[in-house]
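What you see below is based on every heavy atom in this structure, not just the backbone, and it leaves out hydrogens, waters and symmetry mates.
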Amino acid sequence: MSTSTNTSASTRMRVLVVGAGFAGGMAAVRLAGRSRGRVDVTVVNPRPTLVHRLRLHQVAVGHPVAAPSLRDTLGPDITFVEGHVTALDPDAGRATVTGPDGVRRLAFDRVVLATGSTTEPVPVPGGEDVHGVGDLAAARRLRTAFAALPAGAQVAVVGGGFTGLETVTELAEHRSDVRVRLVTSGEVGGWFTPPAAEHVRRTLGRLGVEAVGDARVHAVEPDRLLLGDGGHVPSDLTVWCGGFAAPPLARESGLAVDRQGAVLTDAALQSVSHPQVLAVGDAGHAPGPRGERYSMSCQFGFPSGAHAADVLRDEALGIVPDGGPAALDLGFQGRCVSLGRRDGVLQLTTREDVASGRAWTGRGVSVFKELVLRGVGRTVGVSRRMPGAVRWPGAGRDGTGREASRDTETVAG
């Protein structure tokens, strides 16, 4: 690594972090804690408490979910502003924030977009009437609607990915007096290795969930779903878990984005159209080891936030890595999916997030998943107290699974 003296070392870099979820919170506390007083960090978030994104399917059935104060989590070294960023001008370095205290304008030198994602607009007729679990407001609306259903009502969950599986099993386990179906365009449990997929199907059956695979929904009506093959699925309440999209802020700000509105970035997580913008978590579309987008998950969210912080820290401290900012090197290890409160699947994966090898199933996995969720919720707070503690496995291109975090460097100035 080569270094050079930052001629403006006495000037504090102003960094605005938009969003205080897992990725944004990690970026903020790691940058504030490791920049040696060279960076002023401001975080803007629509609400003053942390939303535990991985527990929204639990919110939908009324389970209490902790919502810690963001001011306490982020700590005194970070300025927290409650509100929505309604306008962002990356070239001018200005953001307009609307919140409980009115409208204010914030200036910045660099911005980290960590706005997360929400359920993609439903692309079929009648889609405006479905429910989702992509954000807290949607999960709360679903909770009200689900609780109001009479006994014998029909519920359909569309989407057989991880969110769909966790949602459908949570709903079915919570109310055995309603009929719950899972509708997916692919094979039920098809992402998993065959033994794990078979366990998923058995668990659905045990919970009374009727699985409808290889089915595409063409329209949503008040009491049924119309399928592409001419069939239909009864549904008094439909929950759509078919995909996620980023909020419109990045697109409206003139940044280059993908079809889902996520910021297109280079391997260092910098916007390809506006390098002064970094995008992390679900808000960013970063190229993975094979050039494809990294999977949307906390396995990407935390490391991407930490890596963005390191990129900005290097800039603030005058560290100039050979070849420019370092690329994120991230390898996946496994997926843990809950199937209600008493079952689950822990599936090992390749570094590219493809199901491979052994899978553990059963009640023990649900206990493990609960421990993981508690740990995830505390990670930002731990990182505030120990800003360099978070490490992650590399993509293992050389077969080593080397660590990607950097704990030593030469600091100029």
Report task. Mark yes when over 12 heavy atoms from residues, nucleotides or ligands other than Arg94 sit less than 6.0 Å from its CZ; otherwise mark no. Result -> no

Requested in this report: Check whether more than 12 heavy atoms from other residues, nucleotides or ligands sit under 6.0 Å from atom CZ of Arg216, and answer yes or no.
Outcome: no

Find out whether [X] and [Y] are in side-chain contact, i.e. whether some heavy atom of one side chain is under 4.5 Å from a heavy atom of the other.
{"X": "His84", "Y": "Val97", "answer": "no"}
{"X": "Val111", "Y": "Leu278", "answer": "no"}
{"X": "Val354", "Y": "Thr349", "answer": "no"}
{"X": "Ser117", "Y": "Gln260", "answer": "no"}
{"X": "Arg206", "Y": "Asp343", "answer": "yes"}
{"X": "Leu269", "Y": "His307", "answer": "yes"}
{"X": "Val337", "Y": "Val200", "answer": "no"}
{"X": "Leu249", "Y": "Val18", "answer": "yes"}

Salt bridge or not for [X] and [Y], using N-O below 4.0 Å?
{"X": "Glu210", "Y": "Arg179", "value": "yes"}
{"X": "Lys369", "Y": "Glu166", "value": "yes"}
{"X": "Glu170", "Y": "Arg175", "value": "no"}
{"X": "Asp258", "Y": "Arg293", "value": "yes"}

How close do [X] and [Y] get, counting heavy atoms only, and between which atoms?
{"X": "Thr193", "Y": "Gly357", "answer": "CG2-O, 3.9 Å"}
{"X": "His218", "Y": "Pro125", "answer": "O-CD, 3.2 Å"}
{"X": "Val59", "Y": "Leu136", "answer": "CG1-CD1, 4.3 Å"}
{"X": "Ala268", "Y": "Ala326", "answer": "CB-O, 3.4 Å"}
{"X": "Val43", "Y": "Gly19", "answer": "CG1-O, 4.3 Å"}
{"X": "Gly24", "Y": "Ala114", "answer": "CA-CB, 3.4 Å"}

For the pair [X] (side chain) and [Y] (backbone), establish whether a donor and an acceptor sit closer than 3.5 Å, ignoring hydrogens and angles.
{"X": "Arg201", "Y": "Val188", "result": "yes"}
{"X": "Trp392", "Y": "Asp329", "result": "yes"}
{"X": "Gln333", "Y": "Pro393", "result": "no"}
{"X": "Asp223", "Y": "Asp236", "result": "no"}
{"X": "Ser273", "Y": "Ala256", "result": "yes"}
{"X": "Arg313", "Y": "Arg34", "result": "yes"}
{"X": "Gln347", "Y": "Thr361", "result": "no"}
{"X": "Arg30", "Y": "Val390", "result": "yes"}
{"X": "Thr119", "Y": "Gly134", "result": "yes"}

Query - Worked verdict on Met296 versus Phe244 for side-chain contact (heavy atoms from CB on, under 4.5 Å) - result: CA-CA 9 Å; Met296 297 163 67; Phe244 295 94; 3.7 Å; yes

Straight-line distance of [X] [atom1] to [Y] [atom2], nearest 0.5 Å:
{"X": "Ser235", "Y": "Glu221", "atom1": "OG", "atom2": "CD", "answer": "11.0 Å"}
{"X": "Ser356", "Y": "Arg351", "atom1": "OG", "atom2": "CZ", "answer": "12.0 Å"}
{"X": "Arg71", "Y": "Thr73", "atom1": "CZ", "atom2": "OG1", "answer": "11.5 Å"}
{"X": "Leu142", "Y": "Thr167", "atom1": "CG", "atom2": "OG1", "answer": "8.0 Å"}
{"X": "Leu255", "Y": "Thr265", "atom1": "CG", "atom2": "OG1", "answer": "11.5 Å"}
{"X": "Cys336", "Y": "Glu370", "atom1": "SG", "atom2": "CD", "answer": "10.5 Å"}

Requested in this report: Just grab all the salt bridge (charged side-chain N to carboxylate O under 4.0 Å, His left out) pairs involving residues 272-286, residues at least two apart or on different chains.
Outcome: Arg53-Asp282

**Report entry** Pair Ser297-Ser295, side-chain donor/acceptor within less than 3.5 Å
**Finding:** no

**Report entry** Passing candidate, side chain to side chain contact (heavy atoms under 4.5 Å, CB included) with Val41, options Ile78, Asp77, Leu74, Val112
**Finding:** Ile78

Query - Residue list, side-chain contact (heavy atoms from CB on, under 4.5 Å) with His174, at least two apart or on another chain - result: Val61, Phe146

Query raised in the report: What pairs meet the ring pair (Phe, Tyr, Trp, His ring centres under 6.0 Å) rule with one or both residues in residues 14-44, with sequence neighbours excluded?
Result: Phe22-His52, Phe22-Phe302

Query raised in the report: Taking the six-membered ring where the residue is Trp, are the ring centres of Phe162 and Trp191 under 6.0 Å apart?
Result: yes

Requested in this report: Could you walk me through whether Arg335 and Val345 pass side-chain contact (heavy atoms from CB on, under 4.5 Å), step by step?
Outcome: CA-CA 8 Å; Arg335 293 282 194 156; Val345 177; over 6 Å; no

Query raised in the report: Do Arg104 and Leu106 pass the side-chain contact (heavy atoms from CB on, under 4.5 Å) test, and can you show the C-alpha distance, the side-chain angles, and the key distance before you say yes or no?
Result: CA-CA 7 Å; Arg104 61 188 297 183; Leu106 302 176; 3.8 Å; yes

Query - Test side-chain contact (heavy atoms from CB on, under 4.5 Å) applied to Leu317 and Arg36, step by step - result: CA-CA 8 Å; Leu317 297 181; Arg36 303 192 180 187; 4.2 Å; yes

Report task. Begin with the C-alpha distance, continue with both residues' side-chain angles, and end with the deciding distance and a verdict on salt bridge (Lys or Arg N to Asp or Glu O under 4.0 Å) for Asp109 and Arg14. Result -> CA-CA 5 Å; Asp109 301 306; Arg14 299 166 300 176; 3.0 Å; yes

